[in-house]
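Okay, so here's the structure we're looking at.
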Amino acid sequence: METTVEAVRGRERLRVVEGDLTREAVDAIVNAANPSLLGGGGVDGAIHRAAGPELLAECRTLGGCQTGEARITRGYRLPARHVIHTVGPVWRGGERGEDGLLAACYRNSLALAKEHGLKTIAFPSISTGVYGFPMDRAARIAVRECRAFLTREPGFEEVRLVCFGAAALAVHQEALREVRRDSGAG
Ligand code: AR6
């Protein structure tokens, strides 16, 4: 499997990988959920299927989640110990605050992971399926937010951006190159 590794402060802590998020053995995987937190299609459906019905039962106790915010549950039958549920913006052309809301999903998910003492996290490409956010634009936001977090948090071990298929992987690798170039990191 092809992997692009980004060094942040001398350690390889941001990784873009191709794969199925539900197979990631990390402290937390992030779910691209909807405001009800009661399941759906796409990666949300896959996570609930793999975690088992206990996940839905815990989600029912949370009372939903607004766009850009994040909530944490256990991972149940997943290899990941926790699931961080966040709600990405629906793409409405880009003039309705979509970029800021998507950035907030990454920031709030990472902040919640840190708050709970977690050290490794894996994200899907939030909002780029059913919600229609252009993946190249979403990938640049994801890379930027994750790099900024890792720079601020030297104790956090690893952030993985898990791409579903080769096309998604290529888009994320390009975003990594672009963000590095723009930040003067070479
Ligand atoms: N592993 C990694 N990535 C995946 C997987 C997987 N197993 N399955 C899909 N993807 P989406 P959204 C990718 O639609 O756009 C749900 O119904 C997929 O290719 O899952 O945020 C929720 O309940 C895409 O790039 O999430 C909401 O109603 C990315 O994950 C709504 O969909 C996100 O696609 C949220 O829409």
Side-chain angles (χ1 to χ4, degrees), residues 4 6 14-24 26 28-51 55-56 59 62-73 75 78 80 82-113 121-150 159-179 182:
T4 297
E6 167 79 324
L14 176 58
R15 284 165 191 265
V16 170
V17 301
E18 184 184 349
D20 177 351
L21 186 69
T22 65
R23 309 286 292 272
E24 292 286 330
V26 283
I29 59 170
V30 177
N31 185 13
N34 62 64
S36 78
L37 298 184
L38 299 181
V43 75
D44 192 3
I47 288 171
H48 276 274
R49 274 194 301 280
L55 179 60
L56 182 58
C59 284
L62 298 177
C65 180
Q66 288 187 354
T67 303
E69 294 185 357
R71 301 283 182 274
I72 190 165
T73 65
L78 289 163
H82 299 273
V83 180
I84 291 177
H85 307 259
T86 189
V87 182
V90 176
W91 180 257
R92 293 198 172 91
E95 304 291 323
R96 308 281 287 273
E98 292 95 327
D99 289 348
L101 288 166
L102 186 64
C105 288
Y106 285 92
R107 268 203 305 278
N108 289 328
S109 297
L110 291 162
L112 201 52
I121 191 168
F123 284 92
S125 180
I126 299 164
S127 282
T128 64
V130 175
Y131 281 0
F133 205 115
M135 191 179 280
D136 54 346
R137 186 162 168 154
R140 286 197 296 273
I141 292 168
V143 168
R144 229 182 271 128
E145 291 300 329
C146 294
R147 281 182 107 225
F149 173 79
L150 287 168
V159 178
R160 282 186 214 162
L161 301 180
V162 180
C163 304
F164 205 48
L169 178 68
V171 168
H172 284 77
Q173 287 174 325
E174 178 56 28
L176 203 52
R177 280 192 289 272
E178 272 183 42
V179 172
D182 293 351

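Along the sequence shown, residues are numbered consecutively beginning with 1. In what follows, every heavy atom counts, from backbone to side chain, and hydrogens, waters and symmetry copies are set aside. Because the structure is predicted, anything quoted here is derived from the model rather than measured.
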Output all residues satisfying side chain to side chain donor-acceptor pair (under 3.5 Å) with [X], sequence neighbours left out; order by chain, then residue number.
{"X": "Ser127", "value": "none"}
{"X": "Asp20", "value": "Thr22"}
{"X": "Thr73", "value": "His85"}

Partner residues of Ala70 under the side-chain contact (heavy atoms from CB on, under 4.5 Å) criterion, sequence neighbours left out: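 Ala70 satisfies side-chain contact (heavy atoms from CB on, under 4.5 Å) with Ile84, Thr86, Asn108, Ser109, Leu112 once adjacent residues are dropped.
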
With sequence neighbours excluded, what pairs up with Leu101 under the side-chain contact (heavy atoms from CB on, under 4.5 Å) test?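 Leu101: side-chain contact (heavy atoms from CB on, under 4.5 Å) contacts with Thr67, Pro89.
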
For residues Arg71 and Gly64, report the shortest heavy-atom separation together with the two atoms involved.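 Minimum heavy-atom separation between Arg71 and Gly64: NE-O, 3.7 Å.
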
Counting only N and O atoms by type, is there a donor-acceptor contact under 3.5 Å from the side chain of Glu174 to the main-chain atoms of Ala170?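 No.
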
According to salt bridge (Lys or Arg N to Asp or Glu O under 4.0 Å), who are the partners of Asp99, at least two apart in sequence or on a separate chain?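 Salt bridge (Lys or Arg N to Asp or Glu O under 4.0 Å) check on Asp99 returns Arg137.
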
So, using salt bridge (Lys or Arg N to Asp or Glu O under 4.0 Å) as the criterion, who are the partners of Arg160 when residues are at least two apart?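 Glu24, Glu158.
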
Would you say that [X] contacts [Y] through its side chain, given a criterion of any heavy-atom pair below 4.5 Å between the two side chains?
{"X": "Pro134", "Y": "Trp91", "result": "yes"}
{"X": "Leu14", "Y": "Val159", "result": "yes"}
{"X": "Tyr106", "Y": "Ile121", "result": "no"}
{"X": "Met135", "Y": "His172", "result": "yes"}
{"X": "Tyr131", "Y": "Asn34", "result": "yes"}

With rounding to the nearest 0.5 angstrom, report the [atom1] to [atom2] distance, [X] to [Y].
{"X": "Arg107", "Y": "Ile141", "atom1": "CZ", "atom2": "CD1", "value": "10.0 Å"}
{"X": "Cys163", "Y": "Gln173", "atom1": "SG", "atom2": "CD", "value": "7.5 Å"}
{"X": "Arg140", "Y": "Asp182", "atom1": "CZ", "atom2": "CG", "value": "8.5 Å"}

Set of ring pair (Phe, Tyr, Trp, His ring centres under 6.0 Å) partners for Phe149, sequence neighbours left out: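 Result, ring pair (Phe, Tyr, Trp, His ring centres under 6.0 Å) vs Phe149: Phe156.
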
Cut-off 3.5 Å, no hydrogens considered: what does the side-chain donor-acceptor table look like for residues 37-49, sequence neighbours left out?
{"residue": "Asp44", "atom": "OD1", "partner": "Asn31", "partner atom": "ND2", "Å": "2.8"}
{"residue": "Asp44", "atom": "OD2", "partner": "Gly40", "partner atom": "N", "Å": "3.4"}

Begin from the C-alpha positions of Phe123 and Leu110 and carry the test side chain to side chain contact (heavy atoms under 4.5 Å, CB included) through to its verdict. CA-CA 10 Å; Phe123 284 92; Leu110 291 162; 3.8 Å; yes

What pairs meet the salt bridge (Lys or Arg N to Asp or Glu O under 4.0 Å) rule with one or both residues in residues 83-95, with sequence neighbours excluded?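 Non-adjacent pairs meeting salt bridge (Lys or Arg N to Asp or Glu O under 4.0 Å): zero.
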
Val17 and side chain to side chain contact (heavy atoms under 4.5 Å, CB included): which partner among Leu161, Leu169, Val162?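 Testing each of Leu161, Leu169, Val162 against Val17, the sole residue satisfying side chain to side chain contact (heavy atoms under 4.5 Å, CB included) is Val162.
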
